[in-house]
Visitor: 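There's a structure below that I have some questions on.
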Amino acid sequence: MATEKSFFTEVYKVVRKIPKGKVSTYGAIAEACGTRLSARMVGWAMNAAHTVTPPVPAHRVVNRNGLLSGKHHFGSPTLMEDLLKSEGIKVKDDQIIDFEKHLWIPKSKPLLSPKK
DNA sequence: ACCGTGACTGGCA
DNA sequence: ATGCCAGCCACGG
């Protein structure tokens, strides 16, 4: 919290850009925000994602393996996969099926965008 | 100002 | 193939 304007905001903004029915990885988001070297920060931003407004679709954000790493942080262990299923994404054993097919990479790079 | 923590990733044993 | 270790950045106490 503290300053609402921070690296977190960048992450939220990117995550919110994720189209419905698609998912993204921490590495991709980290890269989009300029901190690909530290995907941890992305996860950390997500930690506060449910405390900010508008709510960030963190359920579309998974780890590199397509595993619902943060599903346990949603409040309900089945909330995350349920949301993904609602988007047309199939989840099996906390893992996204055809993860690569649903994988979406943020093309908007706030820090590396040469021209937009 | 320092240390610890954190929903990750990649490499090495 | 699986497991463990180290690196990375940012925020909180």
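Quick caveat, the model's predicted, so the values are computed rather than measured. Residue numbering restarts at 1 for every chain, and letters A, B, ... go by the order of the sequence lines.
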Visitor: Let me know the distance between CH2 of A:W44 and P of C:dA10, rounded to the nearest Å.
Guide: 11 Å
Visitor: Would you check if A:F74 and A:H50 make a side-chain contact, meaning some heavy-atom pair closer than 4.5 Å?
Guide: no
Visitor: Tell me, please, which residues at least two apart from A:L83 pass side-chain contact (heavy atoms from CB on, under 4.5 Å).
Guide: A:H59, A:L79
Visitor: By the 4.0 Å heavy-atom rule, please label A:A30 as base, sugar-phosphate, or nothing.
Guide: nothing
Visitor: Going by an N to O cut-off under 4.0 Å, is there a salt bridge joining A:E87 and A:R60?
Guide: yes
Visitor: Between A:F7 (CZ) and C:dC8 (P), how many Å, whole number?
Guide: 16 Å
Visitor: Could you tell me which residues satisfy side-chain hydrogen bond (donor to acceptor under 3.5 Å, both in side chains) with A:Q95, sequence neighbours excluded, listed by chain and number?
Guide: none
Visitor: I want to check something: taking the side chain as every heavy atom from C-beta on, are A:V15 and A:V11 in contact at a cut-off of under 4.5 Å?
Guide: yes
Visitor: Looking at A:V62, A:V23, A:V61, which hits side-chain contact (heavy atoms from CB on, under 4.5 Å) with A:L68?
Guide: A:V62
Visitor: Is there a path of hydrophobic side-chain contacts, each under 4.5 Å between heavy atoms, that joins A:W44 and A:L67?
Guide: no
Visitor: At a cut-off of 3.5 Å, list every protein nitrogen or oxygen paired with a nitrogen or oxygen from nucleotides 9-13 of chain B, distance to 0.1 Å.
Guide:
unit_1: B:dT9; atom_1: OP1; unit_2: A:R64; atom_2: N; d: 2.9
unit_1: B:dT9; atom_1: OP2; unit_2: A:R64; atom_2: N; d: 2.9

Visitor: Do the side chains of A:F99 and A:I89 get nearer than 4.5 Å, heavy atoms only?
Guide: no
Visitor: Can you tell me the distance, in whole Å, between the CD atom of A:E10 and the C1' atom of C:dC11?
Guide: 16 Å
Visitor: Got a sec? Which of residues 76-95 of chain A come in under 4.0 Å of DNA chain B, heavy atoms?
Guide: none
Visitor: Minimum heavy-atom separation for A:K17 to A:W104, with atom names?
Guide: O-CH2, 3.5 Å
Visitor: Indicate yes or no for a side-chain donor-acceptor contact from A:N63 to the backbone of A:G66 under 3.5 Å, with no hydrogens or angles considered.
Guide: yes
Visitor: Listing request: all side-chain hydrogen bond (donor to acceptor under 3.5 Å, both in side chains) pairs with a residue in residues 66-84 of chain A, at least two apart in sequence or in separate chains.
Guide: A:K71-A:D94, A:E81-A:K85
Visitor: Specify the separation, in whole Å, of atom CD of A:E31 and atom C1' of C:dC9.
Guide: 16 Å
Visitor: DNA chain C in dot-bracket, Watson-Crick or G-U pairs under 3.5 Å, [ ] crossing, | other strand?
Guide: .||||||.|||||
Visitor: Check the distance between B:dG6's P and A:M41's CE and give it to me in whole angstrom.
Guide: 11 Å
Visitor: How close or far is atom P of B:dA7 from atom CZ of A:R60, stated in whole angstroms?
Guide: 22 Å
